[in-house]
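Read through the structure below, which is laid out as structure tokens, and then see the notes.
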Amino acid sequence: MTVIPRLTTARLRLRPFDMTDADRVHELLAVPDIADTTLNIPYPYPEGAAAAWITGHAQAAREGTSWTWAITRHQDDLLLGAIGMGVVMAHRRGTLGYWLGVPFWGQGYTSEAVRHAVAFGFEDLGLHRIDAECMSRNPASAKVMQRAGMVHEGTFRDYIIKNDSFESIDRYAVIRDAAP
């Protein structure tokens, strides 16, 4: 599949980003809370970074290396966050990453989006394994992965540096035959 498809869940639409989303992405990421537990989102979030990020999505899908969706609500099409899956087809493996705007935390939106992205990876891309990771101090993200059927595979102690401090990472994965 070389385009970013639209996925529909009970409450959400996962759709490709477009340039009109850049201001909203910047608004959602202009708070320290999201950057605090993600490796690749800086704080403060730089002007122009959202547009540069969105620009690469379609090409990555054409190349078959990643798919990135805007997480939006059915009721009002409000952009809540993002979910993406990097893919290594030679190994039939995908890696998920996601973030959600702070006002939408704790409402089950991320779990719903992750379950559908996992289904897309297995059903549409023919993947065998999908994994994701979170900082060990982010139990909410770990619960999202568990709700998607992922199993804790291990903790990588002091694996990354964030804000000049070592952080441990927990890795979760689901294998196609074991998916819920």
*Given Ser168 and Asp158, is the side-chain contact (heavy atoms from CB on, under 4.5 Å) satisfied, shown in steps?*
CA-CA 4 Å; Ser168 296; Asp158 291 352; 3.9 Å; yes
Q.
Walk me through whether Glu133 and Arg171 qualify under salt bridge (Lys or Arg N to Asp or Glu O under 4.0 Å).
A. CA-CA 4 Å; Glu133 56 188 31; Arg171 175 155 297 155; 2.5 Å; yes
Exercise. Might you work through the side-chain contact (heavy atoms from CB on, under 4.5 Å) test for Arg147 and Val114, ending with a clear yes or no?
Key: CA-CA 9 Å; Arg147 288 183 191 117; Val114 167; over 6 Å; no
Exercise. Give the intermediate values and the outcome of side-chain contact (heavy atoms from CB on, under 4.5 Å) for residues Met135 and Thr38.
Key: CA-CA 8 Å; Met135 291 182 188; Thr38 60; 5.9 Å; no
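Defined by atom type and a distance below 3.5 Å, a donor-acceptor pair is present between the side-chain atoms of Asp18 and Thr20. Between the side chains of Asp170 and Thr155, at least one donor-acceptor pair of N or O atoms lies under 3.5 Å.
Using a 4.5 Å heavy-atom cutoff, the side chains of Phe120 and Pro5 are in contact. The side-chain heavy atoms of Ile169 and Ser136, taken from C-beta on, include no pair separated by under 4.5 Å. Side-chain atoms of Val102 and Ile34, non-hydrogen and from C-beta on, do get closer than 4.5 Å to each other.
Across all their heavy atoms, Leu79 and Phe104 have their closest contact at O-CE1, 4.5 Å. Between Ile130 and Gly121, the shortest heavy-atom distance links the atoms CD1-CA, 4.0 Å. Nearest heavy atom pair, residue Phe17 against residue Val25, reads CE2-CG2, 3.6 Å. When all heavy atoms of Val3 and Trp67 are compared, the closest pair comes out as O-NE1, 3.2 Å. Across all non-hydrogen atoms, the minimal contact from Pro16 to Arg6 is CD-CG, 4.0 Å. Minimum heavy-atom separation, Leu14 to His116: CD1-CB, 4.4 Å.
Between Tyr98 and Trp69, the distance separating the two ring centers is not shorter than 6.0 angstrom.
A distance of 7.5 Å separates OG of Ser66 from CD1 of Ile4, quoted to the nearest 0.5 Å. To the nearest 0.5 Å, atoms CD1 (Ile41) and CH2 (Trp99) are separated by 6.5 Å. The line from OG1 of Thr95 to CG of Asp131 is 3.5 Å long, rounded to the nearest 0.5 Å. Rounding to the nearest 0.5 Å gives a distance of 9.5 Å between CZ of Arg115 and CG of Leu12. Atom CE of residue Met145 and atom OH of residue Tyr172 lie 6.5 Å apart, to the nearest 0.5 angstrom. Thr110 contributes atom OG1, which lies 4.0 Å from atom CG of Leu100 (distance to the nearest 0.5 angstrom).
Judged purely by atom type and a 3.5 angstrom limit, Thr65 uses its side chain to pair as donor or acceptor with the backbone of Ala60. A donor-acceptor pair is defined here as one N or O able to donate and one able to accept, closer than 3.5 Å; such a pair exists between the side chain of His152 and the backbone of Gly154. Under a 3.5 Å cut-off, the side chain of Thr72 and the backbone N or O of Arg13 do form a donor-acceptor pair.
In this structure, Asp177 does not pair ionically with Arg129, as no charged nitrogen and carboxylate oxygen lie closer than 4.0 Å. Ionic pairing of Glu123 and Arg176 is not present here: no N-O contact between side-chain nitrogen and carboxylate oxygen is shorter than 4.0 angstrom. A salt bridge links Arg73 with Asp76; the closest basic N to acidic carboxylate O contact falls under 4.0 Å. Ion pairing of Lys162 with Glu167 is absent here, as no side-chain N (NZ or NE/NH1/NH2) approaches a carboxylate O to less than 4.0 Å.
Connection of Ile160 to Tyr43 is not established within any shared hydrophobic cluster, with ILVMFWY side chains joined at heavy-atom distances below 4.5 Å, either directly or through further cluster members. Taken together through direct or relayed side-chain contacts under 4.5 Å among Ile, Leu, Val, Met, Phe, Trp and Tyr, Leu7 and Leu78 form part of one hydrophobic cluster. A continuous path of ILVMFWY side-chain contacts below 4.5 Å connects Ile71 to Val31, so both sit in one hydrophobic cluster. Criterion: ILVMFWY side-chain heavy atoms under 4.5 Å apart, direct or through other members. Under it, Met150 and Leu125 are part of a common hydrophobic cluster. In the hydrophobic cluster analysis, where Ile, Leu, Val, Met, Phe, Trp and Tyr join through side-chain heavy atoms closer than 4.5 angstrom, Val151 is grouped apart from Met85.
Looking at Gln75, His74, Glu112 one by one, the single match for side-chain hydrogen bond (donor to acceptor under 3.5 Å, both in side chains) with Arg11 turns out to be Glu112.
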Which side-chain N or O atoms in residues 45-57 pair as donor and acceptor under 3.5 Å with protein atoms at least two apart or in another chain?
from  : atom 1 : to    : atom 2 : distance (Å)
Glu47 : OE2    : His26 : NE2    : 3.4
Thr55 : OG1    : Ala51 : O      : 2.7
His57 : NE2    : Trp53 : O      : 3.2

